[in-house]
Each structure stands twice: as C-alpha cells, then as structure tokens.
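The structure under discussion appears below in the form of structure tokens.
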Amino acid sequence: MRPLLPLRLRRAAAGGLPRCFGMARRGGPAWRLSIEGNIAVGKSTFVRLLGKTFPEWQMATEPVAKWQKVQASSSREQTSSSQNFGNLLQMVYQEPSRWSYTFQTYSCMSRLKAQLEPLSEKLLKTWDPVQIFERSVYSDRYIFAKNLFELGHLTEIEWTIYQDLHTFLLQEFGDRIALHGFLYLQATPEKCLERLHRRGRPEEKAIQLEYLEQLHTQHENWLVKKTTEVHFENLRNAPVFVLDVNNDFEDDPAEQEELMRKVKAFIKTL
Ligand SMILES: Nc1ncnc2c1ncn2[C@@H]1O[C@H](COP(=O)(O)OP(=O)(O)O)[C@@H](O)[C@H]1O
Ligand SMILES: Nc1nc2c(ncn2[C@H]2C[C@H](O)[C@@H](COP(=O)(O)O)O2)c(=O)[nH]1
C-alpha cells in the first residue's frame with residue numbers, strides 16, 4: 001500500500017484550497033461522497049432529492065441498467081444494433097455460484113469507471129463542487145463480494161483473485177478514485193424488503209429477508225462498528241455520516257429539508 005497524504009493535504013497539493021482554510025472556491029477538486037446502503041433502502045430516491053436540491057452537483061447513479069443488458073464496450077467499432085449478451089443481474093440471482101465472480105468483476109469495473117469520470121463543465125464552474133456516487137468500489141468488495149464469499153457463492157480462488165485485482169486497481173488509480181466520505185442510508189432490513197416489493201424489480205422477486213439481513217450486517221460492520229478489515233489507509237480514516245431513512249420522506253418536504261440540511265452540515269465538517 002502506497003503511503004498517502006491525509007486527504008486535506010492531498011486536495012491542497014492538487015491545487016484546491018481545503019475547506020479548513022475557510023474559503024469557498026470555484027472549479028477546485030470536488031468533494032467526493034458515496035451514498036451507501038442496503039438494497040431498496042432508498043439510495044436512488046435520495047440521489048434524486050440531492051439533485052433537485054443541489055442542481056449544480058454531479059451525480060453518478062449505479063449502472064443497474066447496464067447489468068441488466070450487458071453489451072460490448074462502445075469504444076470498439078459499433079454497429080447500430082449492439083449485441084445484447086444477457087441480463088447479468090438476473091443471472092446472478094438465479095445461479096449465484098455460477099455468476100457471482102463475473103458479476104463482481106463487472107460491477108467493480110463499472111464503479112471504477114464512474115469514480116474516474118472527470119468533472120463536468122457545469123461542476124467546473126461551481127463554487128465548492130460536489131460529486132455524489134451511488135455506491136463505490138468499496139461496497140463492491142466490503143459488502144457484496146465479501147457476503148457472496150461468506151455464503152459460498154465465490155470460491156476461495158475466485159475471492160482471492162477478485163481481492164488481488166481490486167487492491168491492484170485501487171492502488172494503481174490512487175487519488176483519482178479517492179472519496180472524502182460516506183453517507184450511509186440506514187433502515188431496517190424489514191423496511192428495505194417492503195420497499196423492494198413496492199419497487200417490483202423482476203430480478204429481485206425471490207430475495208428473502210435473510211439476504212437483506214446479511215447485507216445490513218455487512219454495512220453495519222464496515223461503516224458503523226468498523227470491524228470489517230479494510231485494506232486502504234484512506235478508507236480506514238474516511239468520515240461516515242449515518243442517516244436514518246426509516247421514515248417515509250418521499251412525500252414529506254420537512255423531512256427532506258432536514259435530510260438535506262444534515263448532508264450540507266456533514267460536508268462542512270470534511
Ligand atoms: N424514504 C422513503 N420512504 C418511502 N419510500 C421510499 C423511500 N425511499 C425510497 N422509497 C421507495 O422505495 C423503493 C426503493 O427505492 P430506491 O431509491 O430505488 O432504493 P435503492 O436505490 O436504495 O435500491 C422505491 O419504490 C422508492 O420509491
Ligand atoms: N451481487 C451483487 N449484487 C449487487 C451489487 N451491487 C448491486 N447489486 C444488486 C442489488 C440490487 O438487486 C441491484 C441494484 O441495487 P440497489 O441497491 O441500487 O437497488 O443490484 C454487487 O456488487 N453485487
């Protein structure tokens with residue numbers, strides 16, 4: 001593991017003034033936060049609310065549609081009718097032992113690409129730019145891949161190769177993919193199951209409460225209890241802000257305002 005400067009100093013070295021100097025600035029390095037949380041806890045809904053409240057911020061949503069329709073990369077020569085290789089999300093739920101390694105490789109790559117996206121023109125003109133990511137390369141490993149290994153859907157050799165690849169890629173990309181903090185949307189597994197049923201994504205029909213309980217425990221161990229062994233210094237020290245989203249805030253403007261106020265206050269502490 002390469003030694004890293006504390007994030008504030010790295011931001012300063014990269015040309016932007018860290019907030020501890022108390023000055024807003026335009027176009028400097030952005031604050032980069034990931035929204036984490038269980039399946040159907042409300043991450044996409046929350047990201048939409050952030051987008052509405054802070055239209056100048058840049059949002060990277062989780063590329064679920066890409067996992068539902070895997071296609072060859074567009075950088076190669078393309079015909080107008082791109083070939084569809086299948087619904088990997090459905091495949092991993094139907095046959096987890098066969099498809100978990102493939103899924104984690106693909107999801108990790110898509111998260112890596114999202115975290116490498118440059119700042120948009122709009123964000124470059126913004127005072128105190130903020131980039132929001134729906135999940136991260138870290139939840140890929142410390143929530144999903146870890147859980148699939150513990151369930152026996154990733155073999156020892158697959159888990160070893162995945163971790164080796166993950167560590168290598170994250171070290172290679174270093175600061176370019178660094179995050180300054182995490183917003184953990186927390187709700188009971190029962191509440192998540194209720195919302196999952198309400199959303200009605202066909203691939204998720206067979207998900208049982210037990211799976212959401214396992215993922216809930218993985219989130220708590222990583223982000224709250226900090227008992228998950230992590231392999232990146234900057235991750236160990238990254239601030240985590242826990243937001244209780246058990247309440248139905250979708251139709252409650254006061255609750256929405258309070259949540260947005262908390263996010264702004266969290267960013268001020270970074
Ligand atoms: N706070 C909330 N209160 C009530 N319903 C919610 C809330 N957040 C999300 N939902 C609903 O729950 C379902 C899952 O939300 P979604 O944002 O897609 O979750 P995620 O992105 O975490 O998987 C959607 O039908 C959404 O409308
Ligand atoms: N096996 C994995 N499944 C994953 C991963 N990331 C997301 N998912 C699944 C969970 C949901 O069914 C769907 C979208 O997630 P939301 O929580 O946004 O609804 O994709 C993963 O890394 N591995």
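Note that this is a predicted model, so its numbers are computed, not measured. We count ligands from 1, going down the list as the structure has it; atoms in each ligand are counted the same way. FYI, side chains are in, hydrogens and waters are out, and symmetry mates aren't considered; it's all heavy atoms of this structure.
Using a 4.0 Å cut-off between charged side-chain N and carboxylate O, R135 and E62 make a salt bridge. Between R199 and E204 there is a salt bridge, with a side-chain nitrogen of the basic residue lying less than 4.0 Å from a carboxylate oxygen of the acidic one.
Shortest contact from atom 5 (N) of ligand 1 to any protein heavy atom: R198 NH1, 3.0 Å. Of all protein heavy atoms, the one lying nearest to atom 3 (N) of ligand 1 is D248 CA, 3.1 Å. Among all protein heavy atoms, the one lying closest to atom 14 (C) of ligand 1 is A40 O, 3.7 Å. In terms of protein heavy atoms, atom 18 (O) of ligand 1 is closest to R199 NH1, 2.9 Å.
Of all atoms in ligand 1, listed by their number and element, those nearer than 4.0 Å to a heavy atom of G42 are 8 (N), 9 (C), 15 (O), 16 (P), 17 (O), 19 (O), 20 (P), 22 (O). The atoms of ligand 1 that sit less than 4.0 Å from any heavy atom of K43 are 17 (O), 19 (O), 20 (P), 21 (O), 22 (O), 23 (O). For ligand 1, the atoms sitting less than 4.0 Å from at least one non-hydrogen atom of F249 are 1 (N), 2 (C), 3 (N), numbered in the order shown with element in parentheses.
With sequence neighbours excluded, no residue forms a salt bridge (Lys or Arg N to Asp or Glu O under 4.0 Å) with R48.
Only side-chain heavy atoms of E134 come within less than 4.0 Å of ligand 1; its backbone N, CA, C and O stay farther off. Under 4.0 angstrom from ligand 1, the non-hydrogen atoms of N247 all belong to its backbone.
Proximity of F103 to P96: side-chain heavy atoms (C-beta onward) are nowhere separated by under 4.5 Å.
Among T45, D252, L49, the residue whose heavy atom sits closest to atom 16 (P) of ligand 1 is T45. Across the listed options K191, E250, E194, R48, E250 owns the non-hydrogen atom lying nearest to atom 27 (O) of ligand 1.
Between the side chain of R195 and the main chain of V41, a donor-acceptor pair closer than 3.5 Å is present. Of the possible donor and acceptor atoms, one in the side chain of N38 sits under 3.5 Å from a partner among the backbone N and O of L212.
Residue-level contacts of ligand 2 at the 4.0 Å heavy-atom threshold are I39, A40, K43, E62, V64, W67, L89, Y93, F103, Q104, S107, R111, E134, R135, D140, F144, L148, R199, R201, E204.
Note: I143 CD1 to L148 CG = 11.5 Å, rounded to the nearest 0.5 Å.
For H166 and F232, the distance between ring centers is under 6.0 angstrom. Between F182 and W222, a ring centre-to-centre spacing shorter than 6.0 Å is recorded.
Screening Q115, E36, R111 for a side-chain hydrogen bond (donor to acceptor under 3.5 Å, both in side chains) with S136, the sole residue that qualifies is E36.
Classified by interplanar angle (parallel below 30°, tilted 30° to 60°, perpendicular above 60°), the ring pair F249/F46 is perpendicular.
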